[in-house]
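Structure first, commentary second.
Below, read A as the first sequence line, B as the second, and so on, with proteins coming before strands; counting in each chain starts at 1. These numbers were taken from a predicted model, which means no experiment stands behind them.
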There are 2 protein chains.
Amino acid sequence: MATIRDIATRTGVSTSTVSRALNGSGYVAPATKQKIMAAVHDLDYVPSALAQDLSSGSAHNIGVVLPHMDHPYQTQLIKGIMTAAFASKYRVTLLPTAYDDETEVGYLEQLHRNQFDGLIFTSHGLPLSTLAHYQQYGPIVMCEHPETTDLAAVYSQRESTYREVFHWLKAQHADHLALLSYRPESRSATTQATMKAYRSVFNDAKPTTQFLTAVMTYEDGYRVGSQLTSAKYVLTDGDDVAAGVRQYLLDHHLPVPLLIGQENQLTGRLLGISTIDHHFETVGHEAFLMATGKLGKQRRVGIPSEFIIR
Amino acid sequence: MATIRDIATRTGVSTSTVSRALNGSGYVAPATKQKIMAAVHDLDYVPSALAQDLSSGSAHNIGVVLPHMDHPYQTQLIKGIMTAAFASKYRVTLLPTAYDDETEVGYLEQLHRNQFDGLIFTSHGLPLSTLAHYQQYGPIVMCEHPETTDLAAVYSQRESTYREVFHWLKAQHADHLALLSYRPESRSATTQATMKAYRSVFNDAKPTTQFLTAVMTYEDGYRVGSQLTSAKYVLTDGDDVAAGVRQYLLDHHLPVPLLIGQENQLTGRLLGISTIDHHFETVGHEAFLMATGKLGKQRRVGIPSEFIIR
DNA sequence: ATAACTTGTGGAACGCGTTCCATGGCAAGA
DNA sequence: TCTTGCCATGGAACGCGTTCCACAAGTTAT
């Protein structure tokens, strides 16, 4: 591997001159530059990214912390982040946690170690105070609406849309609801937003409602289908889940309730299931900009979400 | 940011001793080690990943070159790679190309620059000879079966499964086939394998067959549905595409042909569409091992794929 | 003609850990 | 007692590019 010193020696100039010639900074005589470029070409020299990173103190790398690789909610978000990163000189590293707190701490430590310039959290297992503590080492951006104001965040304005959904249900005097989510209210901002909207809309005239958790995939939906035989309205975390519920009920010749999915996935479109589009691609895009400081001092960005009735 | 020198000064030892204490290499007196650990704790010291990378000459980073973020084919592959990387100390960086050759060259240059220890190609736009040329800078692993033997590869053994599919079709005297793929034969190993199997099975008794390209998504499938009104058997690149074709025909009250998808996606299961599972998660896993040199000198691994009739 | 620039280039320090080599103390074996 | 050999630690070089500072030569302004 040729180094900048090799170029310097071969050309008979100093490394500073080579560096200046390569970066176009400072003064270099045209003739010198030509000689340098020739040597660079001859020796197949390319500056080491490792050395440049150390020198600049940044790895030009943003980490994206996510629970699973296969949760549909992530796909659009990641796409938005990647598209934005692609346009700048940054790279993006995907960091799956499998909801393991130690792993999550590991990534935060890597922020401390300058492995990452910033972290984007699509979901988190650790307490927010822990995350806030690590902010001293670099920007941390949440993709959920955190209760505390200590953390920067770009999030879908779920709650107002959930209220819209519940108002819509209320208007048709809906009863026998079922709310399916992946994580319990205590551990998930999404579930919290859902419940908050639910309580505020129905207030003291709550319909009969089932609450199920640990439901994330099509299979999960199919699995809990047996518990939903008396439900008339079902709101799920993703369209895939709704599809699973529907399939179970169809397979057992049971009536299919009115299904409302989320994420506007293909399955929902395919089966004509109403959905909520949280515009996660936009969320991801903005989160990247915030993590790289391109959004100025702004630390809070809400993206409106959309209720699609089918 | 505290450095190893800060620790050394504060403890009254040399940086070498601190380094040894931290890494557990070489001799360090227990008392010295304790003092060092105390200082490390007091100063909130963490070794800089940037400096370690430069010193070790490796970023512990594997890049995954892929065309799009949303091609279903990638999801499982990436999952397999990530799972394997997660178990080791490596990180994985996703590198989308949008089939732009310049971008692809950019990533190869980053391999040269030691930004990556190795690259995994899930798809490629550049000629194989170009890729082979960059092997001198680090391991490059293809996830397709390349024609040349110059490149290391982990791939799904598509061709034999395609032959199985065509034999199955031949056995029922299938006629009016349609083969839908994303990229033309000249630019895609997948399409090449399909065509090779097609020719070898039907030989000179080829059925009437339509060939369509540039079909990748559900929407694409729906779009080309109008051209498939006389097809009796349709083989597509992914189950989503098959679902699109099916939907178009249903919407227009036209007969739905026998559909065979690929990738064993949820949509296929949902709609009872036969499919081919290429076991891409396994492919990804093995590709990672090969890229990090954990597979020894092996440069060729084939993973059997599976025809699932529904 | 002299001060004040501008241009071109080199030297050395810096960023931060790792590692090879050397040195010194001390105990066990010959 | 002398030689090995283990233990503990320091010094310095290394990996590689960047950047500040200084210096020299040539140019322009005063």
Side-chain angles (χ1 to χ4, degrees), chain A residues 1-37 39-40 43-61 89 109-117 137-138, chain B residues 1-37 39-40 43-61 89 109-117 137-138:
Chain A
M1 264 274 186
T3 74
I4 199 169
R5 276 162 244 271
D6 296 331
I7 306 295
T9 313
R10 199 170 209 266
T11 326
V13 298
S14 68
T15 60
S16 2
T17 304
V18 177
S19 179
R20 259 179 279 126
L22 256 38
N23 297 310
S25 60
Y27 298 108
V28 179
T32 312
K33 184 160 183 173
Q34 275 210 322
K35 271 200 296 178
I36 291 172
M37 289 316 192
V40 163
L43 297 180
D44 191 22
Y45 167 76
V46 185
S48 155
L50 265 28
Q52 284 183 323
D53 284 351
L54 174 63
S55 192
S56 72
S58 151
H60 301 292
N61 196 358
K89 62 187 184 314
E109 282 298 334
Q110 291 194 46
L111 179 65
H112 188 174
R113 286 163 51 86
N114 271 313
Q115 185 79 261
F116 301 114
D117 297 315
Y137 307 123
Chain B
M1 266 276 187
T3 74
I4 201 169
R5 277 163 242 270
D6 295 330
I7 305 294
T9 312
R10 199 171 208 266
T11 326
V13 298
S14 69
T15 59
S16 1
T17 306
V18 178
S19 179
R20 257 178 280 125
L22 257 37
N23 296 312
S25 61
Y27 297 110
V28 179
T32 311
K33 183 161 185 173
Q34 274 210 321
K35 273 200 296 180
I36 290 172
M37 287 316 190
V40 164
L43 296 180
D44 192 22
Y45 168 76
V46 185
S48 156
L50 264 30
Q52 284 183 323
D53 284 352
L54 174 63
S55 192
S56 72
S58 150
H60 301 291
N61 197 357
K89 62 187 185 315
E109 282 298 333
Q110 290 193 47
L111 179 65
H112 188 174
R113 285 164 52 87
N114 271 312
Q115 185 79 261
F116 301 112
D117 297 313
Y137 306 124

For the helix from C:dA1-D:dT30 to C:dA30-D:dT1, how many degrees between its two end axes (five pairs per end), to the nearest 10°?
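End axes: 40° apart.
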With a cut-off of 3.5 Å and sequence neighbours excluded, list every side-chain donor-acceptor pair involving residues 21-30 of chain B.
unit_1	atom_1	unit_2	atom_2	d
B:Asn23	ND2	B:Ser19	O	3.0
B:Asn23	ND2	B:Ser19	OG	3.4

For a quick check of understanding: with a heavy-atom distance under 4.0 Å over all strands, which category does [X] fall into, base, sugar-phosphate or nothing?
X       : value
A:Ser56 : nothing
B:Thr32 : sugar-phosphate
B:Val28 : sugar-phosphate

Residue-phosphate contact under 4.0 Å: B:Tyr27 side-chain N/O, D:dC7 OP1/OP2
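Yes.
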List in chain and number order the residues that pass side-chain hydrogen bond (donor to acceptor under 3.5 Å, both in side chains) with B:Ser56, two or more places apart in sequence or in another chain; answer none if no residue qualifies.
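None.
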Taking the side chain from B:Asp6 and the backbone from B:Thr3, do they hold a donor-acceptor pair closer than 3.5 Å?
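Yes, the answer is positive, given that a donor and an acceptor are paired below the 3.5 Å cut-off.
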Donor-acceptor pair, B:Asn114 side chain versus A:Ala49 backbone, under 3.5 Å?
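Absent.
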Ignoring hydrogens, what is the shortest heavy-atom contact between A:Leu111 and A:Phe116? Give both atom names and the distance.
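Heavy atoms of A:Leu111 and A:Phe116 come nearest at CD1-O, 3.4 Å.
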Test of understanding: with ring pair (Phe, Tyr, Trp, His ring centres under 6.0 Å), list the residues that count as partners of B:Tyr137, not counting sequence neighbours.
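B:Tyr137: ring pair (Phe, Tyr, Trp, His ring centres under 6.0 Å) contacts with B:His112, B:Tyr134.
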Please give, in whole Å, the distance from C:dT18 C1' to B:Asp53 CG?
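One finds 13 Å between C1' of C:dT18 and CG of B:Asp53, rounded.
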Just how far is it from atom CG of B:Leu50 to atom OG of A:Ser55, taken to the nearest 0.5 Å?
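Interatomic distance, B:Leu50 CG to A:Ser55 OG, rounded to 0.5 Å: 10.0 Å.
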Polar atoms only, N or O, under 3.5 Å: list the protein pairs with nucleotides 11-17 of chain C and their distances.
unit_1	atom_1	unit_2	atom_2	d
C:dG11	N7	A:Ser16	OG	3.3
C:dG11	O6	A:Ser16	OG	3.0
C:dG17	OP1	B:Tyr45	OH	2.7
C:dG17	OP1	B:Ser48	N	3.3
C:dG17	OP2	B:Ile4	N	2.5
C:dG17	O5'	B:Tyr45	OH	3.1
C:dG17	N7	B:Arg5	NH2	2.7
C:dG17	O6	B:Arg5	NH2	3.3

Test salt bridge (charged side-chain N to carboxylate O under 4.0 Å, His left out) applied to B:Arg10 - qualifying residues, sequence neighbours left out
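Counting only residues at least two positions away or on another chain, B:Arg10 forms a salt bridge (charged side-chain N to carboxylate O under 4.0 Å, His left out) with B:Asp42.
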